[in-house]
Amino acid sequence: MDVIKDLNPEQLEATTTMDRPVLVLAGAGSGKTRVITYRIAYSIFEKFNHPGEILAVTFTNKAAGEMKSRVSQLLQQDVSRLWITTFHSACVRILRQYIDKLGYKKDFSIYDDTDQAGVIREALRSLGQDPKENNIRGISSRISGAKSSLVSPLEFRRMAMSPLQKTVADVYTLYEAILKRNNAVDFDDLLTLAVKLLEEHKEVRDHYRERFKHILVDEYQDTNHVQYRMMQMLSMNKTMVCAVGDDDQSIYAWRGADIQNILNFEKDYPGVKIVKLEQNYRSTQPILDAANRLIHKNSQRNEKKLWTAKKEGQPVQFLLMENEMEEARWVGQQIYYWQNYANRSYGEVAVFYRTHAQSRAFEDVFRGMRIPYRVVGGIKFYDRKEVKDLLAYLRALANPQDEVSLKRIINIPTRGIGDKTLEKIQAYAAAKGISFPAALKESNLLDSISPKTRAKLIEFDSMMDQLRRDCQGMGIKDFLMQLIERLNYFNYLEQSSPVDEEQRIRNVEELVSAAADFENSSEDPSPSAYLNQVALLTDVDIANDANGIVSLMSLHAAKGLEFPLVFLSGMEENIFPSIKESDEDYLTELEEERRLCYVGITRAREQLYLTAAQGRRMYGQMMFNQPSLFIEEIKPQMVNLRHTRNRGNYDDRNSRARRKWIYG
DNA sequence: ACGCCAGGTATTTTT
DNA sequence: TACCTGGCGT
């Protein structure tokens with residue numbers, strides 16, 4: 001295999017070691033995707049693995065897609081049996097096959113965060129608690145945390161001490177019951193149920209353990225406990241195992257990612273070969289020096305030192321502005337020069353910030369300066385009302401037990417079925433001990449509901465039945481189009497939201513064309529297959545045509561990307577790092593913030609600017625923060641601008657000291 | 001059933 | 001400051 005000739009010695013070792021487990025500690029920009037794809041190719045060409053015997057798992061659909069296309073380019077053969085997927089879609093595939101062993105039906109629905117919040121709200125209400133929004137979020141993240149550490153409602157209840165935890169335990173129990181009744185699972189369930197399946201059903205476990213001879217996991221530093229368990233279950237006692245990751249880029253601890261998984265890899269896989277990839281092919285030396293200086297301050301890490309052959313480069317610069325508008329204007333100015341004097345493209349530029357709220361100043365300024373931009377993240381395409389409506393129809397049609405989806409669409413478009421009616425059906429269902437959809441079928445027996453409304457209910461129900469029949473054998477695109485037509489959905493959009501109606505229609509059209517794409521590219525173009533993948537899709541996956549447009553995004557969204565010109569904005573205490581010294585676990589959290597900063601820095605290929613504002617409007621109030629601790633640690637070149645001279649009452653002793661340090 | 005207003009609340013979110 | 005949600009009035 002001559003493709004491996006262009007690998008460096010470390011990459012080569014990581015690619016070809018097959019007789020023992022391999023842990024690849026891949027620094028930013030060191031070619032880890034290359035190692036994974038070449039390893040797959042190598043194991044097929046040299047170890048005679050069949051593509052169907054390989055499982056490669058990543059976190060994002062985008063990464064999986066990229067890897068897939070690179071592998072099929074390398075192999076030049078049929079790769080349809082090769083599993084290169086996200087954890088979640090691998091689990092969906094397993095569950096669609098065997099979930100009946102856990103007492104679910106194979107056409108289960110996948111609930112997203114919003115659906116989840118709705119279920120929790122319902123659970124709280126039926127427990128006689130006040131469903132406050134902040135409550136719901138807190139509870140949902142606790143439930144999610146429990147699930148991703150494989151803690152059952154029963155165990156959770158046993159450990160619950162405080163009143164809050166007891167409430168969570170109650171909600172958790174009820175929540176699970178409701179999901180089960182709806183034949184639905186949430187994102188966490190995809191993983192936990194797959195693990196459960198593998199743990200409790202030997203025949204399933206054996207099937208996959210036998211099938212997958214070669215297992216690769218990307219971004220291993222971000223795996224949580226369930227993912228870890230799953231990986232263990234499939235790969236235990238195998239030699240063709242490869243985990244790739246960078247502990248310095250672990251930025252999801254707050255979501256349950258356990259950095260110990262990567263730090264303990266040696267213990268879990270005895271005889272492991274550890275390969276460090278330290279040559280960076282992305283950035284210039286000044287940028288890497290900055291990154292190294294910063295990350296060196298962390299204690300919980302495997303020592304690594306990135307280097308590059310690109311010794312020459314612009315210094316990393318830091319600028320302190322007066323406020324966030326000045327900051328945005330200055331950045332806009334630089335971008336303008338980049339495009340118009342350096343003759344480079346807007347598409348090569350990215351602006352990063354810690355929180356989405358900070359995008360606003362940039363958007364305002366860029367709009368004024370006619371700089372084209374896109375905001376990555378924020379409101380998700382699949383969270384838009386009109387998109388969710390149509391998908392809820394598809395789900396309700398595919399899974400007749402799905403109450404959440406059914407209730408969502410029962411009055412969309414408006415057909416005179418309101419909350420009161422729903423309550424009556426619900427009460428009837430509870431009294432008779434049947435499900436909501438079953439009660440709906442019998443609604444003509446409900447004399448508490450007016451004959452007129454009863455007729456509407458029957459009409460709705462038979463429409464659903466009819467759609468269900470028509471859906472048989474129809475492609476997803478045609479089916480969606482027919483659904484839109486039958487519902488007169490565009491008409492409904494015009495009436496219900498006359499302001500942004502054209503945007504909403506465009507969203508629906510985009511949904512239809514995404515469905516068409518799916519139909520053309522997928523082996524199984526059925527509506528249920530479409531639902532599987534659409535539930536797991538995110539914005540990043542669809543809106544990546546950044547051609548000629550500046551990208552604005554949070555630092556978390558920046559992971560895995562690279563840009564020639566990068567602005568890291570809002571480098572201020574309390575903003576980035578966004579934690580306070582008084583916080584519990586301050587040091588641990590500070591280290592995660594530092595890794596986040598490291599991720600941001602290492603996105604830059606040629607030029608990196610760090611910016612901060614002395615004052616910044618937040619929540620309608622002016623806030624004054626010192627430049628970030630990270631500035632001291634990075635030691636960038638300080639650029640003094642005349643207009644950033646300090647004035648006014650925020651010249652307290654601290655900021656004077658900090659400035660003195662910065663400007664000498 | 002729908003529209004308007006008040007009040008609460010604002011990290012990061014691969015799936 | 002600005003958004004979103006839920007409650008209330010029509």
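Chain letters run A, B, ... following the sequence lines, proteins first, then strands; residues in each count from 1. The structure displayed is predicted, hence computed values, not measured ones.
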**Item:** B/dT12: syn or anti, per glycosidic angle within 90° of 0
**Value:** anti
**Between P of B/dT14 and CG of A/D222, the distance in whole Å** = 12 Å
**Item:** Test salt bridge (charged side-chain N to carboxylate O under 4.0 Å, His left out) applied to A/D389 and A/R504, step by step
**Value:** CA-CA 12 Å; A/D389 283 349; A/R504 285 171 190 274; over 6 Å; no
**Prompt:** Taking the nucleotide of DNA chain B with the closest heavy atom to each, which residue, A/H88 or A/E589, is nearer the 5' end?
**Reply:** A/E589
**Prompt:** Checking all strands, does A/T414 fall into the base, sugar-phosphate, or nothing category for heavy-atom contacts under 4.0 angstrom?
**Reply:** sugar-phosphate
**Prompt:** A/E363 CD to C/dA2 C1': how many Å, rounded?
**Reply:** 14 Å
**Message:** Let's see if you can work this out: which of B/dC2, B/dT11, C/dT1 has an atom nearest to the side-chain heavy atoms of A/S578?
**Reply:** B/dT11
**Complete:** Of the listed B/dT14, B/dC2, B/dT12, the closest approach to the A/Y252 side chain comes from B/dT14
**Message:** Rounded to whole Å, how long is the line connecting atom CZ of A/R137 with atom P of B/dG8?
**Reply:** 16 Å
**Message:** Using modelled atom types and a 3.5 Å cut-off, is there a donor and acceptor pairing between side-chain atoms of A/T223 and backbone atoms of A/E219?
**Reply:** no
**Asked** With respect to the side chain of A/W254, which nucleotide from B/dC2, B/dT13, C/dT1 is positioned closest?
**Response** B/dT13
**Request:** Rounded to the nearest angstrom, tell me the gap between atom CD in A/E592 and atom C1' in B/dT14.
**Result:** 14 Å
**Request:** Round to the nearest Å and state the distance from A/I410 atom CD1 to B/dA1 atom P.
**Result:** 11 Å
**Close approaches to DNA chain B from residues 182-198 of chain A, in residue order (heavy atom, under 4.0 Å)** = A/F187
**Message:** Less than 4.0 angstrom between a side-chain N/O of A/H356 and OP1 or OP2 of B/dT13, yes or no?
**Reply:** yes
**Any donor-acceptor pair under 3.5 Å from A/K32 side chain to A/G27 backbone** = no
**Item:** Distance, P atom - from C/dT5 to B/dT12, rounded to whole angstrom
**Value:** 16 Å
**Request:** Would you indicate which nucleotide in B/dT14, B/dT13, C/dT1 comes nearest to any side-chain atom of A/A557?
**Result:** B/dT13
**Request:** Measure from the side chain of A/R360, starting at C-beta and using heavy atoms only, and say which of B/dT14, C/dT1, C/dA2 lies closest.
**Result:** C/dA2
**Request:** Would you indicate which nucleotide in B/dT11, B/dC2, B/dT14 comes nearest to any side-chain atom of A/T355?
**Result:** B/dT11
**Prompt:** Taking atom P of C/dC3 as reference, at what distance in whole Å does atom NZ of A/K385 sit?
**Reply:** 19 Å
**Prompt:** Taking the side chain of A/R121 as heavy atoms from C-beta outward, which of C/dG6, B/dC2, B/dT11 is closest to it?
**Reply:** C/dG6
**Rounded distance (Å) that lies between atom C1' of B/dT11 and atom CG of A/L555** = 11 Å
**Message:** What contact category does A/E593 fall into here, base, sugar-phosphate, or nothing, at under 4.0 angstrom with non-hydrogen atoms?
**Reply:** base
**Asked** So, A/R329 and A/E326, do they make that salt bridge, N to O below 4.0 Å?
**Response** yes
**Request:** Please determine if A/K297 and A/E633 form a salt bridge, counting it only when a charged side-chain N lies under 4.0 Å from a carboxylate O.
**Result:** no
**Prompt:** Pick from A/K388, A/K407, A/R408, A/R121: which one makes a salt bridge (Lys or Arg N to Asp or Glu O under 4.0 Å) with A/D115?
**Reply:** A/K388
**Asked** What is the nucleic acid contact for A/G416, judged by heavy atoms within less than 4.0 Å: base, sugar-phosphate only, or nothing?
**Response** sugar-phosphate
**Fill in**
Closest to the side chain of A/R255, out of B/dT12, B/dT14, B/dC2, is B/dT14
**Asked** How long is the gap from CZ on A/R70 to CE on A/M67, to the nearest 0.5 Å?
**Response** 8.0 Å
**Item:** Atom-to-atom span, CG of A/N411 to P of B/dG3 - whole angstrom
**Value:** 12 Å
**Prompt:** Do A/E363 and A/R360 sit within salt-bridge range, that is, some charged N less than 4.0 Å from a carboxylate O?
**Reply:** no
**Complete:** Tested for side chain to side chain contact (heavy atoms under 4.5 Å, CB included) against A/Y598, the lone hit among A/I601, A/L596, A/T602 is A/T602
**Message:** As a test of reading the structure: which of B/dT14, B/dT13, C/dG6 is closest to the side chain of A/T60, going by heavy atoms?
**Reply:** B/dT14
